[in-house]
Number of protein chains: 2
Amino acid sequence: MLKYITIANNIRDKINNNEYVYGQRLPYEHELCILYNCNKQTMKKALAILVKEGFIVRRRGSGTYVKDSKTINPINYSSVIYTRPFANLYNDVKSQVVEFSVIQADDFIASKLQVHKDDFIYHIIRSRYINDKPYSLEITYMPINVIPNLRIDHLEHSIYSYIENDLNLKIQSGHKKITSSISTPLEQKYLLLRENEPFIQVEQIAYLSSGVIFEFSSSRHHFKDFEFHTIVLLG
Amino acid sequence: MLKYITIANNIRDKINNNEYVYGQRLPYEHELCILYNCNKQTMKKALAILVKEGFIVRRRGSGTYVKDSKTINPINYSSVIYTRPFANLYNDVKSQVVEFSVIQADDFIASKLQVHKDDFIYHIIRSRYINDKPYSLEITYMPINVIPNLRIDHLEHSIYSYIENDLNLKIQSGHKKITSSISTPLEQKYLLLRENEPFIQVEQIAYLSSGVIFEFSSSRHHFKDFEFHTIVLLG
DNA sequence: GAGTGGTCTAGACCACATC
DNA sequence: ATGTGGTCTAGACCACTCT
């Protein structure tokens, strides 16, 4: 494991376990370097992760301080379910596979996945539940030559785990687009919506670290249940 | 200006001007270092910005490649209007000030701004237009002692510009939460919604680089017009 | 094997807050 | 004045791809 990741994980754990609490000044960079036996730049890289995640703030001339993470309610991170700090909180996620087939890409899907028209791709529809309450309907397209040998039991758990652990591919980033539209009978059925009620859609194009697109997906949520959290760097 | 920011801006411009086009391999890191007269680490820092913004992808052993930024439609970045690459595209943003007063923080606002109950804060409601079409209703709370001397003409343009250029404070990050609710007459009036139609809300707590919270805001959008784009690092 | 990008170190210098 | 975190450099070593 990389040193700066290990250090970041360790410090994050300490914040989560209240060894460092809200408002507290962390040891100075130089002290942390000695504590973790690393160089200044490596410590900067580790702490930069925690800044990005919103756990700490660094002030030149002053020090590094723990931010108020109590304002972050982890249960609401349904749309960033695969990202680091919160993934483990979702033990009771179940998936019902509504559709699992191989189709040929039309122009729209081909442009999103950046494959050729008529290339073979998986077409997957899953209804997902947290604590037996429906919380999303997920429509997923994946090129069959990027993600081979997908089976239905992978869908019932996590496709991402199959990709990372079994295929040994590295998932890098997702470009997400959040929009809202009036529901059709499909969303009404699986999200328990009434006619004319809208749903929230999170469209995603997901990349491997190689730059290859492996997924185009649409996660659809009941408009009343939806919460999406993100930290944006400004200025 | 910082060297790595300058370099990132320059390379981003070249991509936007099609000097580097989709799929093209950029010069190797070492060549770019010579071209921009900088060190390896500085170039890494510059290119990391463009990776995060989704402009390029780097492949170990191979090179750095331009990603398909045509899938990113800048006009849709209404909710990240203040972030770097797209801010300049919004020349025709107008604000109508609906409310501008100083009130005392109740428990809810005080907890969001992390100030004391009954501290004085600005209460601002603005209706914003792009190309004379209503696109958001923004409700903003700011502690008066963090952002002093705010005047109505600041509200009609950009509060952020007043904070950064006049007060000389550095804006760092925003914690955004996106949700949806049924509209009240307020949203119906300013977003041209019908009864029982929902709106999309982007709640934000915004931080200065000092770690001080300077803003709690709610941007409300018509559900049909709303698009929010973000890039999430996975895995 | 050669060359790429990624990690890590050591150290200089700077901007900023006040330990 | 001292010490903080931020930037930049120079160089070693590693993992990975293929020029």
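First the proteins, then the strands, lettered A, B, ... as listed; each starts at 1.
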Lys NZ or Arg CZ of Lys67(A) over Tyr207(B) ring: under 6.0 Å, within 45°:
yes
Compare the minimum distances between each of dA10(C), dC8(D), dT19(D) and the side chain of Thr42(B), then state the nucleotide with the smallest one.
dC8(D)
For dG5(C), does OP1 or OP2 lie under 4.0 Å from any side-chain N or O of Thr64(B)?
yes
N/O donor-acceptor pair under 3.5 Å between Tyr141(B) side chain and Lys112(B) backbone:
no
Between dG6(D), dT9(D), dC14(D), spot the one nearest the side chain of Arg58(A), thanks.
dG6(D)
Given atom CG of Leu32(B) and atom P of dT9(D), what is their separation to the nearest angstrom?
14 Å
Rounding to an integer number of Å, can you tell me how far Leu47(B) CG sits from dG5(C) C1'?
10 Å
From dG6(C), dT9(D), dG5(D), nucleotide with atom closest to Lys3(B) side chain:
dT9(D)
Can you tell me how the ring of Phe216(A) sits relative to the ring of Phe108(A), calling it parallel under 30°, perpendicular over 60° and tilted otherwise?
perpendicular
Protein-nucleotide distance (Glu29(B), atom CD; dC16(D), atom P), rounded to Å:
17 Å
So does Lys40(B) reach the base of dG6(C) with its side chain, donor to acceptor, closer than 3.5 Å?
yes
Could you pick out which residue, Tyr28(A) or Leu2(A), lies toward the 5' side of DNA chain C when each is mapped onto its nearest nucleotide?
Leu2(A)
Base, sugar-phosphate, or nothing: which does Lys45(B) touch, judged by heavy atoms less than 4.0 Å apart?
sugar-phosphate
Start at the 5' end of DNA chain D and walk down; is the nucleotide closest to His30(A) or to Gly61(B) reached first?
His30(A)
Roughly how many Å is it from CG in Asn39(A) to P in dC13(D), rounded to a whole number?
16 Å
For Ser136(B) and Glu138(B), test the side chains for any donor-to-acceptor distance below 3.5 angstrom and give the result as yes or no.
yes
What's the separation between atom CZ in Arg220(B) and atom CD1 in Ile200(B), rounded to the nearest 0.5 Å?
12.0 Å
Kindly indicate whether the side chain of Tyr4(A) and the base of dC8(C) share any N or O donor-acceptor pair separated by less than 3.5 Å?
no
Among the nucleotides dC16(C), dT9(D), dT19(D), whichever has the atom closest to the side chain of Gln41(A) is dT9(D)
Interatomic distance where CE belongs to Met43(B) and C1' belongs to dT4(C) [whole Å]
15 Å
What's the CZ-P distance between Arg25(A) and dT4(D), to the nearest Å?
9 Å
Atom CG of Leu208(B) to atom C1' of dC16(C): distance rounded to whole Å?
16 Å
Starting from P on dT9(C), measure out to NZ on Lys44(B) and report it in whole angstrom.
16 Å
